[in-house]
Amino acid sequence: MKKFKEKLSGRVFFALALSSISALALITVFIIVQGVPIIAEVGFVNFIFGMSWAPSHGEYGIFPMIIGSVTVTLGAAILGVPVGLCCAIFLSEFAPARLRNLFRPAIQLLAGIPSVVYGFWGLLFIVPFIRNVLGGPGLSILAGAVILAIMILPTVISISEVSILALPRQYKEGALALGLTHWQTIRSVILPSAKSGIVAAVILGVGRAIGETMAVIMVLGNAVAVPTSILDPVRTLTTNIGIEMGYASGPHRQALFATGIVLFVIIMALNSTAQYITRKK
Amino acid sequence: MDDTAREPRRDVKLKTQSVNLHYGDFHALGDITFDIPSCAITAIIGPSGCGKSTLLRIFNRMNDLIPGCRVEGGVFLNGSDIYDKDADVVALRQKVGMVFQKPNIFPMSVYDNLIIGPRHHGVKSKQALAEIAERSLTLVALWDEVKDSLHKPGLGLAVGQQQRLCIARALAVEPEVILFDESCSALDPESTMKIEELMLDLAQKYTIIIVTHNMEQAARISDMAAFMMIDGQKVGRLHEYSPTSDMFISPKDKLTEDYITGRFG
């Protein structure tokens, strides 16, 4: 009887674990089944590099959206990564324990704010600020980049901090014992030693930024056009799906799923790169 | 080396005067006063937890890294107080190098490990750095073994080689004093022997202080021996300090004798 119970509980746990994996499998299969036919119909090159997105005319080119995603994400990385990295260095190397215990939960809290709240805040403060100070419509790459930079901070900070704290204490002691200053120790020994973790932090942050939808939908302006300046509105791959899913049908809907496939591939590639880098260490 | 050269008689390099060290409320070292002769090997011995490493780390102020650590009393290098409030800790650590228990090679090439000290202390020319690297490696008898793999990762070396690389790295900074914190305890007998020979060599020019658990090692290579014990309040105290030959032949009292003959500890 006891043996039976043991066996049963093992099976139950296995079934539950399997269900989470199968959710992933189901979603993957579903978007592929839905999206691949339209890519085949339009042609892979036309789909990825097509400049015109006009579903009502049967034109499905997502290149402007790819540019939109790349520029906004790049902007977020340029703004967010230095801040996040400095914050991680401060927390792991300079902050007294009491300050650290205050900062850490506060940063985790940033990750808990719903993205729609970020978007709303961006729409009310960042967008008018950009419009008044820098000109243009305000709804722009820059606005999206600022919001996303804040949103990726928790990822960048916590993963790089963990990778710095995971270094053997002997590295730091060894460098200081050679007469290096604290800053020289950080720059020449600690950061290079934690490099793989920091790179992984950046990649995961970028993955988070590229997949974000709700916050950027509200501040990007969502125009389907290749931008010429960071003050221009753009549409990203995610917002394209978010905006049009409600009324799309037929090939249009399939094209949105196909957009999803492209996103899926990009994020998978980023995450597996991050995993590869951390594991190699 | 002949016997006359091993008589500890030279000028005082380091001096502690009534040093007390506290970690927060814990009194770790009590009233330590002793002189360390220049160009000799001084061994700090004693049972585990008696504060040997803590005492060693006073000399390059490594204890500063531990929050809540306080040092009272005077510690003098070449006559000047290293705990003075105007004292430059970074400059101190250039003069007082340290080799740790486990080799702590940084995850970079052998060459980069060697030049990291001098590079940050203002040596810019590539040629000068290369000369420093070769000289330091030659001093630790590692040059022939690694000269063809200077640009390979230092962590790829055998543990004994890594520890000698750590010594070379410390020498590259041109210190006056080198602290060895149980630096042979992670090594096999052969590597240990190499490092002991190296220490004897280095003692001609450098002041060496070692912490060791190994009584034979202390007897083999040290000129002076400092035996530490904890008292009833768990405070680490200097129980006996004398020339090694005196301590091992005629210890001051039963406690020292029992320890060095291996009856406890």
Side-chain angles (χ1 to χ4, degrees), chain A residues 85 88-104 159-202 274-281, chain B residues 53 56-57 59-68 88-109 112-122 136 153-155 162-163 165-181 186:
Chain A
L85 192 54
I89 293 170
F90 172 74
L91 288 179
S92 54
E93 284 296 317
F94 293 101
R98 221 178 325 142
L99 205 58
R100 197 159 49 218
N101 293 338
L102 200 74
F103 262 65
R104 264 199 208 123
I159 297 176
S160 15
E161 193 200 352
V162 164
S163 68
I164 292 174
L165 290 176
L167 293 177
R169 200 182 43 144
Q170 287 84 349
Y171 286 176
K172 183 178 175 184
E173 288 191 342
L176 291 173
L178 287 169
L180 268 62
T181 62
H182 193 183
W183 173 238
Q184 287 171 338
T185 299
I186 292 170
R187 202 190 51 202
S188 305
V189 176
I190 293 178
L191 290 182
S193 307
K195 194 170 60 191
S196 61
I198 292 169
V199 171
V202 172
Q275 279 210 347
Y276 173 75
I277 289 170
T278 35
R279 206 167 294 166
K280 206 173 63 176
K281 191 177 67 173
Chain B
S53 287
L56 190 74
R57 283 159 181 251
F59 299 119
N60 64 346
R61 293 187 58 171
M62 221 46 177
N63 292 321
D64 288 14
L65 298 186
I66 301 165
D88 180 350
V89 184
V90 169
L92 168 72
R93 290 179 185 149
Q94 290 178 34
K95 284 188 207 142
V96 183
M98 185 167 204
V99 179
F100 293 78
Q101 178 168 12
K102 278 197 218 138
N104 55 350
I105 293 300
F106 305 136
M108 47 182 88
S109 73
D112 287 337
N113 265 285
L114 280 167
I115 62 162
I116 191 164
R119 192 161 57 87
H120 283 103
H121 303 145
S136 327
L155 288 168
Q162 285 190 22
Q163 194 62 304
L165 179 57
C166 286
I167 300 173
R169 188 174 68 186
L171 289 171
V173 181
E174 299 191 10
E176 298 167 19
V177 180
I178 309 174
L179 312 174
F180 288 86
D181 190 359

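Here the structure is a predicted model, which means the values were calculated and not measured.
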Review point. Quick one: are Tyr171(A) and Pro107(B) in side-chain contact, heavy atoms under 4.5 Å?
Key: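 A side-chain contact exists here, since the closest heavy-atom pair is under 4.5 Å.
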Practice item. Determine the option with the most heavy-atom pairs under 4.5 angstrom with chain A, choosing from Gln101(B), His120(B), Met62(B), Gln94(B). Key: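 Most pairs with chain A among the choices: His120(B).
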Point to revise | chain B contact residues among residues 174-187 of chain A, heavy-atom distance under 4.5 Å | key: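 Only Gly174(A), Ala175(A), Leu176(A), Ala177(A), Leu178(A), Gly179(A), Leu180(A), Thr181(A), Gln184(A), Arg187(A) of residues 174-187 of chain A have a heavy atom under 4.5 Å from chain B.
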Review point. Residue by residue, which of residues 90-99 of chain A have a heavy atom closer than 4.5 Å to a heavy atom belonging to chain B?
Key: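 The residues closer than 4.5 Å to chain B amount to none at all.
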Practice item. Heavy atoms only, distances under 4.5 angstrom: which of Lys195(A), Gln170(A), Lys172(A) has the most pairs with chain B? Name it, please. Key: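 Highest number of pairs under 4.5 Å: Gln170(A).
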Review point. Which of residues 171-178 of chain B get closer than 4.5 angstrom to chain A, counting heavy atoms alone?
Key: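 Near chain A, by residue number: Val173(B).
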For [X], is it the side chain, the backbone, both or neither that has a heavy atom under 4.5 Å from a heavy atom of chain A?
X: Val96(B); result: backbone
X: Arg61(B); result: neither
X: Leu179(B); result: neither

Review point. For Arg104(A), what residues pass the salt bridge (charged side-chain N to carboxylate O under 4.0 Å, His left out) criterion, not counting sequence neighbours?
Key: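 Partners of Arg104(A) under the salt bridge (charged side-chain N to carboxylate O under 4.0 Å, His left out) test: Glu161(A).
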**Study point:** Value rounded to 0.5 Å, distance of CZ in Arg169(A) from CG in Leu65(B)
**Key:**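 It comes to 8.5 Å.
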Review point. Say you draw a straight line from CG of Asn104(B) to CD of Glu173(A); how long is it, rounded to the nearest 0.5 Å?
Key: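 Result: 8.0 Å between the selected atoms.
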